[in-house]
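Right, one structure below, let's go through it.
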Amino acid sequence: MPALDDELNRRLALLREQNLFRELRRVDSAPGPRLEIAGKTLLNFSSNDYLGLANHPTLKAAASEAVNQFGAGAGASRLVCGSLAPFHQLEETLAAFKGTGAALTFATGYAAALGTITALAGKDDILILDKLVHACIVDAAKLSGAKLRIFAHNDLNDLEEKLKWADRAAPIENGKRKAAILVVTESIFSMDGDAAPLREMVALKEKYGAWLMVDEAHATGVFGRNGRGRADELGVSNQIEIQMGTLGKALGASGGYICGSRPLIDFLVNRARSFIFSTAPVPAAAAAATAGIQLAQSAAGEQLREKLRTRIAELNAALYLPPAAQGSPIIPLILGEEAKAMAAATRLREQGIFVPAIRYPTVARGAARLRITLSAANTGADVATLADALNQIVNPNA
Ligand SMILES: *Cc1c(COP(=O)(O)O)cnc(C)c1O
């Protein structure tokens with residue numbers, strides 16, 4: 001047997017050969033529209049901090065106050081040593097924001113998906129996922145042991161085929177399904193920026209007696225009234241059993257959440273292993289997230305969304321792209337080969353612009369892309385600089 005490092009070096013060389021090697025780039029500044037990397041200042045179009053809240057004075061003040069009052073660490077899991085007040089305040093704020101009976105927060109969105117899906121579905125149950133859902137949902141589905149079906153991305157006909165199959169596989173007997181059927185999608189897809197047809201999906205899951213879980217990681221704070229999300233925007237919030245999201249993107253802090261009925265939340269407290277067997281996040285994160293939700297709902301939050309919409313319209317126009325139907329802040333430029341995306345990202349960096357090359361396994365092989373994300377913290381001049389560089393380097397429409 002080769003020594004571990006020899007074996008790993010062989011595997012790493014293989015990744016490099018395929019242009020799939022990843023490395024961390026150290027940033028010496030706070031998250032924001034400009035990043036300091038290796039002594040150079042780069043314009044940042046890579047973050048999911050869509051409203052520019054991650055370094056906002058209001059969130060930072062809330063975090064510092066929580067450190068002073070509740071300390072740096074939580075000490076244990078919330079069921080073991082008592083559940084600190086900032087988590088309760090956050091969950092009340094979240095439930096009111098999303099208009100649900102209750103909410104539960106996790107250390108990350110990843111942990112929220114893992115704990116929730118494995119709690120709700122076991123080996124006799126059926127999970128039906130959109131082809132492009134986030135890795136945390138795929139991992140949760142595998143870990144649950146449930147029967148798994150994947151429907152083509154945003155394809156309602158294919159979803160209905162899978163629901164028909166599930167309806168036969170788990171028939172309703174004496175008014176109750178033999179097994180649970182859970183459909184899972186994202187509302188705004190993380191790597192493509194497109195939107196799921198939530199209204200039609202709600203109608204389908206009701207027709208077949210399934211449950212629906214919607215991950216609003218990229219929509220919360222950005223879409224809907226006061227940033228409540230796409231489910232709110234489409235008026236289907238009350239018909240979605242499980243609303244999931246992260247506190248680490250537009251809301252500027254960190255953590256994951258599930259919003260839903262009181263029985264759902266009570267059940268997760270009892271059964272979601274990533275919640276039960278994990279130390280509570282730092283109270284400062286909860287306090288920052290509460291401040292982020294409050295800010296997102298305020299007049300200042302609406303101004304930030306207005307600014308973001310302006311930046312999105314500016315970039316789409318400058319890249320000669322059709323105005324995005326949903327006005328998503330995620331704009332993918334799909335280049336195909338991994339090497340091509342890597343080379344484009346390198347050239348942009350040389351021009352002082354940071355845009356990540358997204359490759360397998362985050363997206364399919366051969367569908368590598370530059371994933372541009374816009375933030376309310378970017379200026380119109382930033383966007384013009386980005387568009388000029390993209391039109392020189394990669395844009396086939398230019
Ligand atoms: C980022 C993301 C998550 C995970 O949330 P974290 O809080 O970063 O762990 C889940 N789902 C989607 C769609 C995401 O983009």
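When a ligand or atom number is given, it counts from 1 through the structure's own listing order.
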Expected rows: ligand 1 N/O, protein N/O, dist below 3.5 Å:
| from | atom 1 | to | atom 2 | distance (Å) |
| --- | --- | --- | --- | --- |
| ligand 1 | 7 (O) | G109 | N | 2.8 |
| ligand 1 | 7 (O) | T246 | OG1 | 2.7 |
| ligand 1 | 9 (O) | G109 | N | 3.1 |
| ligand 1 | 9 (O) | Y110 | N | 2.9 |
| ligand 1 | 11 (N) | D215 | OD2 | 2.5 |
| ligand 1 | 15 (O) | H218 | NE2 | 2.6 |
| ligand 1 | 15 (O) | K249 | NZ | 2.5 |

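A donor atom on one side chain and an acceptor atom on the other are not found under 3.5 Å apart for R230 and S187. T362 and R22 share a side-chain donor-acceptor pair at under 3.5 Å. Side-chain contact check for H153 and D158: no donor-acceptor pair (N or O, by modelled atom type) lies under 3.5 Å. Side-chain atoms of T246 and Y110 include no donor-acceptor pair closer than 3.5 Å.
Residues satisfying the ring-ring contact (aromatic ring centres under 6.0 Å, His included) test with H88, not counting sequence neighbours, are none.
Taking the charged nitrogens against the carboxylate oxygens, R10 and D6 have no contact shorter than 4.0 Å, which rules out a salt bridge.
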